[in-house]
There are 2 protein chains.
Amino acid sequence: MAANILIVEDEESILELIAINLHQSGFNPVRALSAEYAEKIISNTLPDLIILDWMLPGIDGIEFARRLKTNKETKSIPIIMLTAKSQEDNKVMGLEAGADDYMTKPFSPRELVARVKAVLRRKAPDLVNEPIESGHLFLDPSQHLLQSNKKTVTIGPTEFRLLHFLMKNPNIIFNRNQILDRVWGNKSEIDDRTVDVHIKRLRDCLKGTNDHNKIETVRGMGYRFNEN
Amino acid sequence: MAANILIVEDEESILELIAINLHQSGFNPVRALSAEYAEKIISNTLPDLIILDWMLPGIDGIEFARRLKTNKETKSIPIIMLTAKSQEDNKVMGLEAGADDYMTKPFSPRELVARVKAVLRRKAPDLVNEPIESGHLFLDPSQHLLQSNKKTVTIGPTEFRLLHFLMKNPNIIFNRNQILDRVWGNKSEIDDRTVDVHIKRLRDCLKGTNDHNKIETVRGMGYRFNEN
DNA sequence: TATGATATGTCATATAAATGTCATAATTTA
DNA sequence: TAAATTATGACATTTATATGACATATCATA
């Protein structure tokens, strides 16, 4: 799922430029020309990250950041603050107000996108979907790619999600209901035992690789991905 | 990521004409009706190239170019200068002021786009639509030419753009909406499923060549061009 | 500007893949 | 060995994709 990024910037053409570049990088930009309007948007849906201009008409960026950070709902949303060079001294103030990163104008959109990714990687790794490696296994969620010893392994969607989940949480035992919740999502009128079947299918995918015995059955408890 | 191109031109209809043509060629145009406004934009975000009209109200093009070239942040941004025929003598002055290329009005949008590409090719080769080769396939966007094993392949416009996009981004999965956004442009009242049909048509074009199976369906995710 | 030729988007239907369930076999544990 | 638990193969159902046909739109050219 693409990350929703709220951009708060009063200069319309700049707002648009940032939005287009983020969009082209696979994010989902949401535009706000003022803090007031941004607040309205946030009260409907919480963005995954906010790009916030320092200077805004009405409520300014720093004030808006403070508000966000005092609100329980919004305080964990990462903020990237934009500021003009002349206000660079205010950097400390910005970071104190809760900004996670800080960019001095003028910047290239390319650089901004890079920072957005960096912040998301730190704050919400789930949204960035980084590849995972473990032993000979390499799994890239965004490309639906699984390799064992550099060789691509054919694997279906559910088995892929299942393996992804287990690899993200190595050496931890999950019972069937936990697995259903976290891999299938909450549409769980699904039978416990279905997990068994998919574990079997997953093992079949891994058969013939060096990692065929990574998924262990823990009798009476559930399943576990063994990192070693 | 597409190149961001700032157009500074006080004649609104010309500005719009240029912007539309650049957009259709895959660039991100940013509009400014005056040097003053352009400065404001630049003070926020750095474009990859600037198209600059010679005659502007207030700060004129030549003066603006000089300013850009004396500023450390902006001096490496390429500039294409636009001038009326009567001012053609000023060409030397323009180039001295730091322009990388020079166009005399009236010009055809096609020519302008060609110049933009030429300048970018020199200054930022990544941002231009060069011919692409992959396996036996050779695709030249500027000529709408597709060859497999040196033999020309008949291919329609949409299929061509689609293949171009996929070849530019090999081994990466795109879902239908991403493909619609990036191949069709933002006129997306178009049905998801239309992508399927064009993928089919594209595959039909490639049928009989050595590259007939390059386009892979990744069930539940989208499509991907396999480089190998 | 009219006309044939292309190109495009949508739909209905055909195929193919994935999913969940169940019955039964195999295993483990007490 | 019996009871409990897990593994496995088969199957019906659901879901996703491929394909052919058609109506409309666009383009080039007489």
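Numbered from 1 within each chain, the chains take letters A, B, ... in sequence-line order.
- Remark: P of D:dT17 and CZ of B:R203 are 11 Å apart, rounded to the nearest angstrom.
- Across all strands, A:T194 comes closer than 4.0 Å to base atoms (heavy-atom distances).
- Distances shorter than 4.0 Å separate some side-chain N or O of A:Y223 from OP1 or OP2 on D:dA7.
- At whole-Å resolution of the value, NZ in A:K207 and P in D:dT8 are 6 Å apart.
- Listed here is the closest heavy atom pair of A:G135 and A:K214: CA-NZ, 4.1 Å.
- Mapping B:D204 and B:M221 onto DNA chain D by nearest heavy atom places B:M221 closer to the 5' end of the strand.
- Closest of all the heavy-atom pairs between B:P157 and B:H144 is CA-NE2, 3.8 Å.
- Summarising the geometry, the separation between CD on B:E216 and P on D:dT17 is reported as 13 Å, rounded to the nearest angstrom.
- A sub-4.0 Å separation between OP1 or OP2 of D:dT19 and a side-chain N or O of B:R193 is absent.
- Nucleotide C:dG20 holds its C1' atom 17 Å from the CG atom of A:L202, rounded to whole Å.
- Side-chain nitrogen and oxygen atoms of B:T217 include none within less than 4.0 Å of the OP1 or OP2 phosphate oxygen of D:dA16.
- Rounded to an integer number of Å, the gap from NE2 of A:H198 to C1' of D:dT8 is 14 Å.
- Side-chain atoms of B:R201 lie closest to D:dA21 of the nucleotides D:dA21, C:dT19, D:dA18.
- With rounding to whole Å, B:W184 atom CH2 is found 13 Å from C:dT10 atom C1'.
- In the set C:dA7, C:dT10, C:dG20, the nucleotide with an atom closest to the side chain of B:V197 is C:dT10.
- Atom-to-atom distance recorded for A:L180:CG and A:D192:CG is 6.0 Å, nearest 0.5 angstrom.
- The base of D:dT15 lies close enough to the side chain of B:R219 for a donor and an acceptor atom to sit less than 3.5 Å apart.
- Taking the side chain of A:P157 as heavy atoms from C-beta on, and the options D:dA18, C:dT8, C:dT19, the nearest nucleotide is C:dT19.
- Counting only heavy atoms from C-beta on, B:R176 has its side chain closest to D:dT17 among D:dT17, C:dT10, C:dT8.
- Counting all heavy atoms, side chain and backbone alike, A:P106 lies closest to B:I42 at CB-O, 2.8 Å.
- The distance between the ring centers of A:F225 and A:F165 does not fall below 6.0 angstrom.
- Here the P atom of nucleotide C:dA7 and the CD atom of B:E159 are 8 Å apart, to the nearest Å.
- Residue A:K200 has its side chain nearest to D:dG9 when only D:dA18, D:dG9, C:dA18 are considered.
- At the phosphate of C:dT8, OP1 or OP2 sits under 4.0 Å from a side-chain N or O atom of B:T158.
- Residue B:D191 contributes atom CG, which lies 13 Å from atom C1' of C:dA12 at whole-angstrom precision.
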